[in-house]
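The block underneath contains the structure these notes are about, expressed in C-alpha cells.
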There are 2 protein chains.
Amino acid sequence: MKRPSEKSQAAVTMRDVATQSGFSPATVSIVLNNAPLARYIAPATKKRIEDTAKKLGYRPNAMARFLRSKRSHSVGVLFFDITDPFCTLIMRGVENALYQASYLAIFADAHNQRNRFERYLELLLERHVEGLIVVANWLFVDIHVLADLSKRNIPSATIGWELPGNNISSVMVDNETGARLALEHLHQLGHRKIAFIRGPKMLIDSAPRWRGIQKFAHGAGLEIDPALVLQLPESLDPNSSFESGYRYTEDLLEQRKKFTAVMAFDDLTALGAIRALTKAGVKVPEHCSVTGFDDIALSSLAAPSLTTVRQPMEAMGALAVNIVMDGINAALEKRDWNVVNQKMNPELVIRDSTRAVSLTGGDD
Amino acid sequence: MKRPSEKSQAAVTMRDVATQSGFSPATVSIVLNNAPLARYIAPATKKRIEDTAKKLGYRPNAMARFLRSKRSHSVGVLFFDITDPFCTLIMRGVENALYQASYLAIFADAHNQRNRFERYLELLLERHVEGLIVVANWLFVDIHVLADLSKRNIPSATIGWELPGNNISSVMVDNETGARLALEHLHQLGHRKIAFIRGPKMLIDSAPRWRGIQKFAHGAGLEIDPALVLQLPESLDPNSSFESGYRYTEDLLEQRKKFTAVMAFDDLTALGAIRALTKAGVKVPEHCSVTGFDDIALSSLAAPSLTTVRQPMEAMGALAVNIVMDGINAALEKRDWNVVNQKMNPELVIRDSTRAVSLTGGDD
DNA sequence: TTGTATGCGTTATCAC
DNA sequence: GTGATAACGCATACAA
C-alpha cells in the first residue's frame, strides 16, 4: 500500500544545488552542462557544485531544459504497423543509432490506421521531436501526408517506401537487385520452370522486384510461363501473406502445373508455399525449391530453413537516423542539407529450401 | 536541397493566437483547453479563438505545458531485450491501452545490458514519465534496481517477472497452470513417456512451470523419467533456445531414449526439438508429439504448427498500463493505491504438433 | 571568475 | 466574462 504522503518528496532543482553549494544558479548551470564558459570556472567551484549535485540527487528537468533550449533531443519514429515482422530489427537499428547520438527515440504505431497515423504525427510535433522517421511498406498513404511532412521543416526520412516527388529522404532495399539475386540463384541450380508469386500492387516493393525478375529472365533467356505467375491480393494485415502463399500454391498444385521452384514475394508467402507443398507431399527442397525475401526472424528457424534475400534492416534503421541527424545538425549550423534516396544492397542467404534441380526425381 | 532559411517559420504560439483574436492569453488558454472556466466564456469568443487558432495552425507546446502542469502525459516502457519474440505484442498491448488514456508510451530497449538499462531509466526520469513499466523475463537484475524503482515514488509495474519483496506491481502469466495444461493435454492423448526440456534456472518462469509439471504428474500417477529431463543452459540471447532445443533433442535421440512426446520450455525450444526430430526421421506428430509455451508469432506458421500454451501478451500489456494508470490517478486524487501481483490465465492452443499416441507406430 | 536578470510557452490565481 | 500577473526550471547575455 502506497501512501500518497510518501509522494511529497519534491524534486530537487538547480536552485537547490545553487543555494546548497553557495553559488548562483547560473554557475551551477554552466558547470553541470559543461558549457563553454565552464573553462573559466575554478576547479574547486566545479567540484563543490558537482558534489552537492550528486549528494542531493539532482536530476535535470528535461521539460524545462527543452523549453529554454528549444531542443528536445528526441526523434519520432512512426511505424505503420509494428507487428510487421521486420519492424523489430528496424527499431533496433534506429534505437541504437540514436542512443549513440544521445537522442531518444519516440516510437509510435499507427496500427495501419490513417487517423491514428495523423494523431501520432501531431503528438510527436507537439513534443517537438527534432527529426522524424516513418517506417512502412504500404502505399496507402496519400499525398496529404507528404505535404504534411515536407511543409513542417523537420528533417525526415522514410524507411521501406518513398514519397513521389523526392522531397523527403528515404532508405530502401534495392528490390530489383534482390529479386535478381534470388532468381539467379534458382537459375544456377538448374531451375527453368519457376512459379512466381508477385507482391500486391499496393506495395511499393512489388514492381521493382518483378522488374528484377523480368530483366534477369530476359538476359538469361529464361522463359516465364504466365500460367505460373500469381499476384498476392491487397491486404492491410502484414501477416496475411502466409495464408495467401499457402492457398495460391495449393491452387497451383491442384491445377497440376509443372514447376520445380517457387519464387515468393516475401518470406511469409514462401513459408505458406512450403507448407502447401509439404502438405501435398511435395518435398522441399528435394522436389521443389522455394525462395523468399526479407529474412525475417522466422526464416532461419523454419523447417526447412528458408533461402531468402536479406534486407539489412538494422543498417537501414541506422542509416535513416544518420540522414535525419545530418539534417538536424545542418539546421543548427545553418548549413544546407540534401535529400537523399538511398538503396541498400540486399544479400542472398542460401539455406535449405533450395537445391539443384534433380534429373531423376521430379515435379510432383 | 533544403535551404536553412526555409526553416525560419517560427512556431505559432498561444500569444499569437491571443493577439490575432484580440483576447488575452489567459482566455485563449481557457478556451483551447476547455478548462472549467470555459463555461463562463461567451460562445462568440470561443468561436473566434478556436477559428484563429486553426487558421494560424496553432499547436500547443508540450514542453511548456508540462513544465507548468508538472504532467508529462507519458509512461516509460523499459524492455530488457526487444528482440525477444514476445515483446512485439506486449508493445501493442501497452501502446494501445496508453493511447486510449491519451498517454504516450516511451519505449526503451536495454539490449540486456545493465548500464544501458540504468541509463534509460535515468533518461525516462529526466523526462518525468508519470509511470513506468519494465518488461523482462530475465532475473539478472539485482536488488539495486528494485531500490531504484520503489524509492522514486513513481507508479510502476513489471511484466513477465517479479521483484522479491512485493514492493512493486507485476503482471505475469500463471506458469504453473500453463505447464499443467500442456502436460494434461499430452497425458490425455495417451503419452506416458515424455521428455521434458526445462527452462534455465535464471528465468523466473522455469520453476513454476516445472512445479506445474510435477504436480500434475503426481496427481495423475504419471512417472517422470529423470533420464528424460533436460535443462536449458543460461543464456542472454532470447533466441538461443532454438539451438538448445535442437541439440538436446538430438542428444536424446542419439542415446536412443524412448519417448513419445517432448514438452519444451518455450516455443523456440519446441521448434528446435521438432527440427531435430524431423531431421532424424522421426515424424511430428505421427511418431512424436511436441508442445511449446508462449505462442509466439512463429508457432502458428511453423510446419507442423505448434501446440502450445498462449500467454495473453496484449492483455498483459494492457493490464500493466491499467495498474500504472491507477497509481497515477491515485496520486493525483491523493488516494492510496495498492501493489498488485496479478497472474493471468494462459490458454492451451492445440495445433498440429500433438497427436494421440499411436499403438502401432512408435517411438523412433 | 561568478552573479543578476530575463524569457522560453503555458497555466492558474487573482482582480476587474 | 475577461485580463493582468506570476511561476514552472533552466540557460544565457550581460554586468560585476
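Order of the sequence lines sets the chain letters (A, B, ...), proteins ahead of strands, with each chain counted from 1. As the structure is a prediction and not an experimental result, all values here were calculated from the model.
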Show the numbers, then the answer: is there a salt bridge (charged side-chain N to carboxylate O under 4.0 Å, His left out) between Asp81(B) and Arg116(B)? CA-CA 11 Å; Asp81(B) 188 344; Arg116(B) 214 164 166 131; over 6 Å; no

Tell me whether the side-chain N/O atoms of Lys70(A) come closer than 4.0 Å to OP1 or OP2 in dA11(D). no

Glu95(A) side chain to Tyr120(B) side chain, donor-acceptor N/O pair below 3.5 angstrom: yes

Is Glu118(A) paired with Arg114(A) through a side-chain N to carboxylate O contact shorter than 4.0 Å? yes

Given atom CZ of Arg127(B) and atom C1' of dG9(D), what is their separation to the nearest angstrom? 16 Å

Euclidean distance, atom CG of residue Leu32(A) to atom P of dT12(D) [Å, nearest integer]: 13 Å

Between Phe66(A) and His73(A), what is the ring plane arrangement, given parallel below 30°, perpendicular above 60°, and tilted in between? parallel

Between dG9(C), dT2(C), dT2(D), which nucleotide gets closest to the side-chain atoms of Ala42(A)? dT2(C)

Could you write nucleotides 10-16 of chain C as a row of B, S and -, 5' to 3', where a protein heavy atom under 4.0 Å of any base atom gives B, of only sugar-phosphate atoms gives S, and otherwise -? BBB----

Ignoring backbone atoms, establish whether Thr27(B) has a side-chain N or O less than 4.0 Å from OP1 or OP2 of dT2(D). no

Salt bridge (charged side-chain N to carboxylate O under 4.0 Å, His left out) pairs, two or more places apart, involving residues 22-40 of chain B: none

Around atom CZ of Arg15(B), are there more than 12 heavy atoms of other residues, nucleotides or ligands at under 6.0 Å? no

Donor-acceptor pair, Asn329(A) side chain versus Asp326(A) backbone, under 3.5 Å? no

Rounded to whole angstroms, how far apart are CG on Asp16(A) and P on dC8(D)? 11 Å

Is the Lys NZ or Arg CZ of Arg48(B) less than 6.0 Å from the centre of Phe23(B)'s six-membered ring, within 45° of the axis? no

Of Leu67(A) and Gly22(B), the one whose closest DNA chain D nucleotide lies more 5': Gly22(B)

Numerically ordered, the residues 44-54 of chain B set in heavy-atom contact under 4.0 Å with DNA chain D is Thr45(B)

Across the strands shown, which category fits Phe23(A) at heavy-atom distances under 4.0 angstrom: base, sugar-phosphate, nothing? sugar-phosphate

What is the distance, to the nearest angstrom, from the OH atom on Tyr40(B) to the C1' atom on dG3(D)? 17 Å

Restricting to non-hydrogen atoms, name the atom on Leu98(A) and the atom on Met325(A) that form the minimum distance, rounded to 0.1 Å. CD2-SD, 4.3 Å

